There are 2 protein chains.
Amino acid sequence: MQVVEQGGEGAAAGLTERQGAVLERALGLLVEGGEKALTTAGVARAANCSKESLYKWFGDRDGLLSAMIAYQAGKVRTVEAGAGALSAASLRRHLTVFARDLIDVLSGEVSLALNRLAIGQASREGAKLGRLLQERGRRQIGRRATALLEAGRKAGLIAFDDAEEAYGTLYGLIVSDMHLRMLLGEDRGALKKEFSPRAEKAVDAFLTLYGVES
Amino acid sequence: MQVVEQGGEGAAAGLTERQGAVLERALGLLVEGGEKALTTAGVARAANCSKESLYKWFGDRDGLLSAMIAYQAGKVRTVEAGAGALSAASLRRHLTVFARDLIDVLSGEVSLALNRLAIGQASREGAKLGRLLQERGRRQIGRRATALLEAGRKAGLIAFDDAEEAYGTLYGLIVSDMHLRMLLGEDRGALKKEFSPRAEKAVDAFLTLYGVES
DNA sequence: GGCGAACCGTACCGTACGGTACGCAATTTC
DNA sequence: GAAATTGCGTACCGTACGGTACGGTTCGCC
């Protein structure tokens with residue numbers, strides 16, 4: 001077993017290349033046909049491995065699902081915004097970039113499939129997958145946003161008491177109900193096209209609400 | 001078969017009381033244990049009816065699921081806001097009531113369970129349940145909101161080009177990512193407590209964005 | 001060159017579910 | 001009061017899945 005510390009595509013905690021490739025194929029199956037299509041036999045066939053290996057590596061089916069979420073989350077690295085001096089224009093630019101990135105992430109095929117998977121499991125087993133997805137996904141991108149907002153406040157461009165709350169407002173302005181509609185099956189492409197232009201308007205609105213007079 | 005035109009609890013299209021009671025029990029099972037707990041045998045046992053009757057009434061399992069959504073949607077009647085003359089204060093009051101109602105609906109146990117169900121099925125079968133839920137649920141409450149917004153515009157209190165877009169902004173300000181977090185399994189009560197106070201702030205923000213100077 | 005670990009392919013087992021069929025009781029209808 | 005409809009309870013069937021076991025093969029290691 002060759003443990004790859006630093007695999008080609010963000011291998012996370014002690015996964016071999018082979019195991020990463022298997023998870024990749026499993027994610028493909030999930031995107032194609034939803035949870036129902038994600039059978040252990042199906043994964044083994046698609047990945048050219050044996051079921052026995054799957055159980056050896058991931059324990060059971062739930063372990064496989066958790067590993068898929070962790071693996072995918074490990075691929076998304078939050079870009080650190082250069083914390084240089086912020087001007088009003090550069091803050092607006094950074095916020096707009098963030099808005100577009102957020103829309104891109106949320107409307108991604110794999111992201112949608114994993115969210116559907118976690119939501120489907122939320123009723124039983126204490127929502128283990130949901131918490132995992134939340135911590136590895138939302139928290140990560142939320143940190144990037146709050147860091148940006150804090151920088152804006154430090155530069156005297158925006159004002160708020162609670163960064164989390166301000167981020168919640170920004171998120172709502174950008175996303176509205178787009179995410180839920182996509183999760184319910186509305187066409188990804190169409191919705192993304194509808195919401196992308198609103199990214200700038202959302203930033204405008206946010207700055208109207210939280211911006212300080214110059 | 002006694003067809004009840006006007007059952008006690010909003011019987012929709014040609015459902016007998018018995019069938020309504022069965023759907024009620026089925027919804028209970030869904031809330032308790034998620035989709036996995038919603039087996040045909042389980043529903044029959046819980047509702048004291050036979051599987052054969054289930055198939056006679058609803059065709060197959062999917063028909064049962066669709067009937068559950070339609071039945072639940074039929075129970076939610078949108079309250080027509082009295083379209084009297086709006087003042088700035090009454091518009092704000094109506095918007096706040098709407099915000100609280102929206103939070104109540106979205107955080108309802110049955111609503112969450114049905115949304116989870118529809119999202120779980122969204123990958124296959126053309127998202128039939130998702131569309132059903134969308135049309136019977138979101139559209140309904142959206143109409144109420146846009147009507148209120150239009151009334152506010154007519155009264156010269158708020159200004160916007162597209163009522164749908166304005167509603168999207170209002171929705172995002174109120175809900176943010178609360179709905180998704182609840183769908184992922186975060187505690188309903190805690191999240192509702194967290195978001196309820198924000199209803200008024202959301203309305204404030206909305207009026208800041210769309211209100212006209214008096 | 002032989003040993004052992006990892007692993008693939010396949011077969012197998014128990015279970016649980018969707019859907020159907022049947023026997024019998026209750027209620028309605030003529 | 002008999003015939004028919006309705007529907008409950010149960011048993012049954014085929015299938016598909018999660019999980020396990022086993023034989024054969026490759027590959028690294030001493």
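What you see is a predicted model; the values in this text were computed from it and never measured. Convention: sequence-line order gives letters A, B, ...; per-chain numbering from 1.
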Please report the distance, rounded to the nearest Å, between CG in B/Asn48 and P in D/dT10. 11 Å
Under 4.0 Å, heavy atoms only, any strand: does A/Arg18 hit a base, just the sugar-phosphate, or nothing? sugar-phosphate
Let me have the donor-acceptor pairs involving side chains of residues 46-53 of chain A, under 3.5 Å, with sequence neighbours excluded, atom names and distances please.
unit_1, atom_1, unit_2, atom_2, d
A/Ser50, OG, A/Ser53, N, 3.1
A/Ser50, OG, A/Ser53, OG, 3.0

Just to verify, what does A/Phe206 make a ring-ring contact (aromatic ring centres under 6.0 Å, His included) with, not counting sequence neighbours? A/Tyr210
Is the phosphate of C/dC7 approached by A/Trp57 (side-chain N or O, under 4.0 Å from OP1 or OP2)? yes
Compute whether any side-chain donor of one residue and acceptor of the other, for A/Glu135 and A/Gln140, lie under 3.5 angstrom apart. no
Do B/Leu38 and B/Met68 make a side-chain contact, defined as non-hydrogen atoms from C-beta onward lying under 4.5 Å apart? yes
Its contact letters, B for base, S for sugar-phosphate only and - for none at protein heavy atoms under 4.0 Å, make nucleotides 16-27 of chain C read -SBBBBB-----
Given atom CZ of A/Phe58 and atom P of C/dC7, what is their separation to the nearest angstrom? 11 Å
Short side-chain to backbone donor-acceptor contact, B/Arg116 and B/Gly34, under 3.5 Å: no
From CG of B/Leu54 across to P of D/dT6 the rounded distance in Å is 17 Å
Taking it one step at a time, do A/Tyr71 and A/Gln19 satisfy side-chain hydrogen bond (donor to acceptor under 3.5 Å, both in side chains)? CA-CA 10 Å; A/Tyr71 174 79; A/Gln19 290 163 9; over 6 Å; no
